[in-house]
Amino acid sequence: MDWPDGHCKYVYHDDSEEARRHNSGWAMRNTNNHNVNILKKSCLGVLVCSLRCRMEESATVHLRPAICDKARKKQLGKSCPNPRCDGILELQPCRGHCGYPVTHFWRHVDGYVFFQAKGVHDHPRPEMKASAEARRHQFGTKENRHPLVGHSAPLSMSILIELFSS
DNA sequence: AGTTGCGGGAAGC
DNA sequence: GCTTCCCGCAACT
Ligand SMILES: [Zn+2]
Ligand SMILES: [Zn+2]
């Protein structure tokens with residue numbers, strides 16, 4: 001993961017796993033732009049502690065939001081992973097692109113993958129995907145599950161296509 | 001159970 | 001017409 005941020009463009013080789021799987025490190029979800037040639041994704045932000053606590057190593061709580069809407073809703077309201085904190089998890093949405101989530105664009109051409117980002121994330125990085133998966137499996141069992149705590153539940157596309165062309 | 005990409009439909013402009 | 005978001009589906013892990 002190289003955590004690209006800000007308005008930037010990169011070209012990856014097709015043999016790069018990151019590029020082939022369209023992974024930037026940020027928690028991005030697919031969004032329909034009615035263009036099969038350009039894959040668009042928007043940032044989901046990060047899960048933070050409602051009390052903004054700090055762990056021993058002065059590290060903040062910044063968990064990775066689930067991509068799936070249903071799974072993400074289940075994360076909200078769970079207790080803070082810090083055992084000495086009574087806070088609950090809440091979503092800090094991304095507003096890094098004119099008040100809206102940062103967007104990523106991926107285009108596959110020949111043996112290359114063209115990447116472009118729009119916006120600057122206004123939130124901490126979420127944990128890496130592998131870390132989030134480990135957390136899922138660790139706390140996903142009935143015995144170890146965190147208790148639920150009360151919860152109620154620009155540039156135009158035409159220009160972008162031109163930038164990507166040739 | 002969760003991730004990923006596709007695509008229909010609706011809405012704002 | 002162009003762009004964006006919402007939501008369901010299917011394939012895969
Ligand atoms: Zn906390
Ligand atoms: Zn973001």
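Being a predicted model, the structure only gives us computed values, none of them experimental. Residue numbers start from 1 in every chain, and the chains themselves are labelled A, B, ... in the order their sequence lines are given, proteins ahead of strands.
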Does A:Leu76 reach the side chain of A:Leu91, with side-chain heavy atoms less than 4.5 Å apart? yes
From CD1 of A:Ile67 across to P of C:dT13 the rounded distance in Å is 17 Å
Below 30° counts as parallel, above 60° as perpendicular, anything between as tilted: where do the rings of A:Phe115 and A:His104 land? perpendicular
Is it true that a side-chain atom of A:Arg54 and a backbone atom of A:Val61 form a donor plus acceptor pair closer than 3.5 Å? no
Ignoring the backbone of A:Cys68, work out which of B:dT3, C:dC6, B:dT4 is nearest its side chain. B:dT3
Between P of B:dT4 and NZ of A:Lys40, the distance in whole Å: 18 Å
Can you list the steps and then say if A:Leu39 with A:His22 is a side chain to side chain contact (heavy atoms under 4.5 Å, CB included)? CA-CA 9 Å; A:Leu39 178 64; A:His22 313 129; 3.2 Å; yes
Look at the rings of A:Tyr12 and A:Tyr10 and say which category their plane angle falls in: under 30° parallel, 30 to 60° tilted, over 60° perpendicular. tilted
Rounded to whole Å, how long is the line connecting atom NZ of A:Lys73 with atom P of C:dC6? 10 Å
Would A:Arg29 and A:Asp69 satisfy salt bridge (Lys or Arg N to Asp or Glu O under 4.0 Å), going step by step from the backbone distance to the final call? CA-CA 10 Å; A:Arg29 74 162 159 198; A:Asp69 290 349; 2.9 Å; yes
Rounded distance in Å - OH (A:Tyr100) to P (C:dT3): 17 Å
Rounded to the Å, how far apart are A:Arg29 CZ and C:dG8 C1'? 14 Å
Between A:Arg72 (CZ) and B:dA1 (P), how many Å, whole number? 17 Å
Starting from C1' on B:dT3, measure out to NZ on A:Lys70 and report it in whole angstrom. 15 Å
Nucleotide N/O of nucleotides 5-12 of chain B paired with protein N/O under 3.5 Å:
| residue | atom | partner | partner atom | Å |
| --- | --- | --- | --- | --- |
| B:dG5 | OP1 | A:His22 | ND1 | 2.3 |
| B:dG5 | OP2 | A:Lys41 | NZ | 2.8 |
| B:dG7 | N7 | A:Asn32 | OD1 | 3.3 |
| B:dG7 | N7 | A:Asn32 | ND2 | 3.1 |
| B:dG8 | N7 | A:Asn32 | ND2 | 3.1 |
| B:dG8 | O6 | A:Asn32 | ND2 | 2.5 |
| B:dG9 | O6 | A:His34 | NE2 | 2.2 |

